[in-house]
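Single-structure report; data block below.
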Amino acid sequence: MRIVVAHKWAADPQEAVVGADGAVDWSRARPAVSEYDAVAIAVGRQLADASGAELVGLSVGGPTAAAPLAAKAALARGLDSALIVADPALAEADSAVTAQVLAAAVTELGQVGLVLTGDCSVDRGARLTPAVLAGWLDWVCLAEVSAVRWDPTGLSLERESDGGWQSLTLSPPAVLALAAGAVYPPVPGMKDVLAAARKPIRQLDLGQLGLELIRAPLLLAAAPAPAPDRRGVVIDAMDPALAAAELVARLSHDGLTWEGRP
Amino acid sequence: MTWINYVIATGRPVEGLVERATAVGGGPVWGLAVGPAPVAQRLAQSGVERVVWFETAADVPAEALARGLAAQVTARPGLVWAGRTAPERVLLGAAAAALRAPVLTDAVDLWLEDDRLVARQAALAGRLWLTLAFDRPVAILLEGGPAQADQPTRASVEIVAGPALTHPLRQVDWRPRGGAPVDLKAARRVVAVGRGLKAALDLGLIEALAEALGAEVACSRPLAEGLGWLPKDRYVGVSGQQVSPQLYCAVGLSGQAQHLAGARTADLIVAINSDPDAPVMAAADYILCGDLYQLVPALTEALS
């Protein structure tokens, strides 16, 4: 059996520069394996060791997804091998398209019992890709999973839900999106980085998958988000009691009341 | 052709989403209720034209019915609307794949124009606004929540059974975490705390302030997901809760774009932080630069 971790080579949008015309400059941003994906890889490693499965990393994206650094960074985190679908047509892919291509690659790979993902991608953060991927595969999907245990009869899961802890069982195949805090992913050491250089990397051509990609929405306009319309009143906080009194007075003036506790 | 608007409900209030679908969708609004009977009964009174009910036993999570829901929407395609909780997202994703539909997330505003759905989308953690035009069908992830307007009590509409196609998934146990689940979206005041808090025990300070303000306690992501000091339903941000309170008091919280995007629509933001250069300071109405361990008790005192 194979366990696939779907991960993304992406930069933090905080590091992008948004121009006055809405153009985005990513040149100063450095892509990385996001911390959420590292969680999925770490959980995948544990499950692969427990079940004897092969742990395959699957990354879908624009040409940067095929950079040697991208695959090695993910492999150093404990994957057995890497599968990459990189194509200019996927550079701006949203959840719908990414999920469609991931599903086709999982099918092409074959013998996959489980797909793991992080909570969300760092760049888009839509938290929908695992759900749409499971839809394409017609597999069961669960999100915000905080623990997974493998046993021969199926999978046992834990997650936080409705203010409590839920224990679940399911039969593979399945797509699981892991909670960001499921594990603390270890930082790869020199040995892991060296081992990564010897692990197999395979590229799949998007054309080979024979997909008619979901039509992206038409972009009509882009603009920087309007600056928050905030007052920016600085209250001198040298004396905490005076500062507190001034804040309460200002909030009261704004119409907030403290009796009756709305 | 007439496009159906499907609104997915798994137990959380979706009246607000039904309102948006009715106002924007340009077609009849149907409810897709996934869960035990009360989920369908509530949805039947929310303003939808009819309810398709995917009944689940008490030990079957809503996600198990994704297959039936997908079959329903492909039988008569349309726009599918769902909120942001884990089961709502899974069901929406199943519908999107079944319809081969594009997905719309993080919409700030949306409307119909020339028979297309046009949306203003907050991209890049809320820093960039894109205007996008979608051909239907579309899968729309949008904060639902309670109704915006005062709604009259409605007569219940017809409830029909949906296709019973399930995935093999069972809940074997559920243990309360302690403390009732919180609906931050409904809170009129919120006190949010970040990494400026040194220890979990110090949460008492924040809780006292929240009580004096009549507010709910919220936090930034690291406190809920890394440190686990607060439950996840109290974390505000792009991937957490998105709130619109009258007052948002950010305490010891730097205010990264990913966090502030979750509180963007608060009426008033108060920032209490020792770092004058923290991003939250530039996004606040009232700024108190100093030690939260002195300022928070002083504020609690001033309120009581």
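Proteins get letters first, then strands, A, B, ... in listed order; numbering begins at 1 in each.
- For A/Ile214, the part lying under 4.5 angstrom from a heavy atom of chain B is the side chain only.
- With a 4.5 angstrom heavy-atom cutoff, B/Leu128 touches chain A via backbone and side-chain atoms both.
- Counting heavy-atom pairs closer than 4.5 Å to chain A, the top residue among B/Ala133, B/Ala64, B/Ala86 is B/Ala133.
- By the 6.0 Å contact criterion, CZ on A/Arg28 is open, its count of non-hydrogen atoms from other residues, nucleotides or ligands being 12 or less.
- With a 4.5 angstrom heavy-atom cutoff, A/Ala134 does not touch chain B via any of its atoms.
- One distance of note links CG of B/Leu268 with CZ of A/Arg230; it measures 7.5 Å at 0.5 Å rounding.
- Between the B/Arg127 side chain and the A/Ala16 main chain, a donor and an acceptor come within less than 3.5 Å of each other.
- Using a 4.5 Å cut-off between heavy atoms, B/Pro61 touches chain A through its side chain atoms alone.
- For chain A, the option among B/Met281, B/Arg120, B/Gln294 with the highest count of heavy-atom pairs below 4.5 Å is B/Gln294.
- Of the listed residues B/Pro168, B/Ala125, B/Ala94, the one with more heavy-atom pairs under 4.5 angstrom with chain A than any other is B/Pro168.
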*asked:* Run B/Ile287 and A/Ile235 through side-chain contact (heavy atoms from CB on, under 4.5 Å) and show every step you take.
replied: CA-CA 6 Å; B/Ile287 298 158; A/Ile235 295 174; over 6 Å; no
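- Atom CG of A/Asp254 sits about 3.5 Å away from atom OH of B/Tyr286, to the nearest 0.5 Å.
- The minimum heavy-atom distance between A/Tyr184 and B/Leu227, with the atom names listed, is OH-N, 4.2 Å.
- Considering all non-hydrogen atoms of both residues, B/Gly93 and A/Leu128 come closest at N-CD2, 4.3 Å.
- Looking at A/Leu247, the atoms closer than 4.5 Å to chain B (heavy atoms on both sides) all sit in the side chain, from C-beta outward.
- The OG1 atom of B/Thr105 lies 8.0 Å from the CG atom of A/Asp94; values are rounded to the nearest 0.5 Å.
- No donor-acceptor distance shorter than 3.5 angstrom exists from the side chain of A/Trp136 to the backbone of B/Arg100, with no hydrogens or angles considered.
- With a 4.5 angstrom heavy-atom cutoff, B/Val118 touches chain A only via side-chain atoms.
- In this structure, no portion of B/Val138 lies under 4.5 Å from any heavy atom of chain A.
- Of the listed residues (A/Gly181, A/Ala223, A/Ala126), the one with the most heavy-atom contacts under 4.5 Å to chain B is A/Ala223.
- From B/Leu213, atom CG reaches atom CG of A/Leu251 across 7.5 Å, with rounding to the nearest 0.5 Å.
- Options A/Ala174, A/Ser146, A/Gly232 differ in how many heavy-atom pairs under 4.5 Å they form with chain B, and the most are formed by A/Gly232.
- At least one donor-acceptor pair under 3.5 Å links the side chain of B/Arg67 to the backbone N or O of A/Asp138.
- Heavy-atom neighbours of A/Glu92 CD from other residues, nucleotides or ligands within 6.0 Å: at or below the threshold of 12.
- Annotation: the span from A/Ser167 atom OG to B/Arg170 atom CZ amounts to 15.0 Å, rounded to 0.5 Å.
- In this structure, A/Arg124 and B/Leu124 have side chains that are not in contact, with every pair of non-hydrogen atoms separated by 4.5 Å or more.
- Taking every heavy atom of both residues into account, B/Arg116 and A/Leu218 meet most closely at NH1-CD2, 3.4 Å.
- In terms of non-hydrogen atom pairs under 4.5 Å with chain A, the most contact-rich of B/Gly228, B/Gly290, B/Ala283 is B/Ala283.
- Here the closest non-hydrogen pair linking B/Val90 and A/Ala143 is CG2-N, 4.4 Å.
- Between B/Leu130 and A/Ala222, the closest heavy-atom pair is CD2-CB, 3.6 Å.
- B/Asp285 contributes a side-chain N or O that, together with a main-chain N or O of A/Arg231, makes up a donor-acceptor pair within less than 3.5 Å.
- Chain B forms the most heavy-atom pairs under 4.5 Å with one residue out of A/Ala225, A/Pro226, A/Gly135, and that residue is A/Ala225.
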*Step by step, would you call B/Val172 with A/Leu168 a side-chain contact (heavy atoms from CB on, under 4.5 Å)?*
CA-CA 5 Å; B/Val172 289; A/Leu168 302 143; 5.9 Å; no
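- Using a 4.5 Å cut-off between heavy atoms, B/Asp267 touches chain A through its backbone atoms (N, CA, C, O) alone.
- The shortest side-chain heavy-atom distance between A/Trp165 and B/Pro176 does not fall under the 4.5 Å cut-off.
- Using a 4.5 Å cut-off between heavy atoms, B/Ala257 contacts chain A through both its backbone and its side chain.
- Annotation: maximal heavy-atom pairing with chain A below 4.5 Å, among B/Glu63, B/Gln256, B/His167, occurs at B/His167.
- The parts of B/Gln171 that come within reach of chain A are both its backbone and its side chain, each placing non-hydrogen atoms under 4.5 angstrom from that chain.
- For the pair B/Arg89 (side chain) and A/Arg127 (backbone), a donor-acceptor distance under 3.5 Å is present.
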Which pairs of donor and acceptor atoms, one on a side chain in residues 236-245 of chain A, lie under 3.5 Å apart (sequence neighbours left out)?
from     : atom 1 : to       : atom 2 : distance (Å)
A/Asp236 : OD1    : A/Met238 : N      : 2.9
A/Asp239 : OD1    : A/Ala241 : N      : 3.0
A/Asp239 : OD1    : A/Leu242 : N      : 3.3

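- Residue A/Glu246: no heavy atom, backbone or side chain, is found under 4.5 Å from chain B.
- No other option in B/Asp106, B/Leu247, B/Val108 has as many heavy-atom pairs under 4.5 Å with chain A as B/Leu247.
- The shortest side-chain heavy-atom distance between B/Gln121 and A/Pro217 does not fall under the 4.5 Å cut-off.
- For B/Ala224, no part lies near chain A; criterion is any non-hydrogen pair under 4.5 Å.
- Expressed to the nearest 0.5 Å, how far CG of B/Asp173 lies from OG of A/Ser156 amounts to 11.5 Å.
- Among A/Leu220, A/Thr129, A/Leu155, the residue making the largest number of heavy-atom pairs under 4.5 Å with chain B is A/Leu220.
- A/Val24 touches chain B through its side chain: at least one heavy atom from C-beta onward sits under 4.5 Å away, while N, CA, C and O do not.
- In this structure, the side chain of A/Glu160 engages the main chain of B/Lys232 through a donor-acceptor pair within 3.5 Å.
- Of the two parts of A/Cys120, only the side chain, counted from C-beta on, holds a non-hydrogen atom closer than 4.5 Å to a non-hydrogen atom of chain B.
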*Is there a side-chain contact (heavy atoms from CB on, under 4.5 Å) between A/Leu142 and B/Leu169 once you walk through the steps?*
CA-CA 10 Å; A/Leu142 282 175; B/Leu169 175 65; 3.7 Å; yes
